[in-house]
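Worksheet: one structure, shown below.
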Amino acid sequence: MTARIIDGKVVASRVHAEVAVGVAEYKVKHGTVPGLTVVLIGDDPASHSYVKGKELACEKVGIATETIRREASITQEELLEIVDGLNNDPRVNGILVQLPLPNHLNEDVVIHAIDPMKDVDGLHPENAGLLILGKPRFAPATPLGVQRMLVEENVDMNGAKVVIVGRSKLVGMPLMALLLQKGIGANSTVTVCHTGTKDMAAETRRADVLIAAAGFPGTVTSDMVKPGAVVIDVGVSRVEDSTRKRGYRLTGDVDFQEVSEVASAITPVPGGVGPMTISMLLVNVLLAANLATSN
Ligand code: GUN
């Protein structure tokens, strides 16, 4: 079997078109456009590249965007002051503090300081709690992107056995909560594997839909995949590659070559989940703007 390749760029461009319509309607109604502010601390090259992607996507759909860049030496108090200023700025509908933060900054304290109604990352405990309770407001963009991709690809998630590898707060945990819920693109039987899982391959081989979100290349090999499974690769790692001009290439968690001989459909890296993450962030920013004007 050779797997169908799920093109995240194609699905993402459909979402972008929907958001652009929503932004235009918002502008007619309110005379302004939704606004996203990204806070980027330090000089991690991967974070700078993600943030550039977010800025470009916002510009394309008409969302106003600003990035506040600060040195890694910023203090916790200074960062909290920035967040407080954004919480109180009516032009800012969405706030995204790019993670990871430098080690001396407490990620939880910073995220908790964001106004939950502007938390377009869906990481504030109020939004994470609402998601777990089955009443999502803002869910994190990557899990939303994975779910939207599965829906657009007509993968029947109702009662499907889903195995997620990885339990991060940005992907594994919220994805579990999303796919467990009743509703379209969900109502699945979800297993989450992690570093404490005893026999990972035995778990993953049961999956109709296998989602790799561990952050380590080579986590999923073909012997871990049931023939005909749908495989979604959330991992993005930079591995050295002297044949490339920039000295590295991006690779996912899944051994793409061998797994595509077993799976029925698979996402590539790059060009799979990555573009979906950005498009669902745009959806959340538009939602935040509409919620801010709905009362
Ligand atoms: N770093 C990598 N992905 C993300 C994301 O979705 N949100 C934030 N805030 N940081 C990230």
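Heavy atoms only: backbone and side chains are in, while hydrogens, waters and symmetry mates are out. We count ligands from 1, going down the list as the structure has it; atoms in each ligand are counted the same way. These numbers were taken from a predicted model, which means no experiment stands behind them.
- Across the listed options Lys54, Met280, Gln98, Gln98 owns the non-hydrogen atom lying nearest to atom 11 (C) of ligand 1.
- Between Leu86 and Lys118, every side-chain heavy-atom pair lies at or beyond the 4.5 Å cut-off.
- The shortest contact between atom 10 (N) of ligand 1 and any protein heavy atom is with Leu99 N, 3.0 Å.
- Within the 4.0 Å heavy-atom criterion, the part of Leu96 lying near ligand 1 is the side chain and not the backbone.
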If you apply the rule side chain to side chain donor-acceptor pair (under 3.5 Å), what do you find for Arg167 with Thr195, and how did you get there? CA-CA 9 Å; Arg167 58 177 157 185; Thr195 47; 3.2 Å; yes
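- Of the protein's heavy atoms, Asp121 OD2, 3.3 Å lies nearest to atom 8 (C) of ligand 1.
- Remark: Glu152 engages Arg14 in a salt bridge, criterion side-chain N to carboxylate O under 4.0 Å.
- Considering only non-hydrogen protein atoms, atom 6 (O) of ligand 1 sits nearest to Leu170 CD2, 3.7 Å.
- Between Val97 and ligand 1, an N or O atom pair is found at a separation short of 3.5 Å.
- In summary, the side chains of Glu55 and Thr67 do present a donor paired with an acceptor at a separation below 3.5 Å, with no hydrogens or angles considered.
- Counting only heavy atoms from C-beta outward, the side chains of Arg148 and Ser279 never approach each other to under 4.5 Å.
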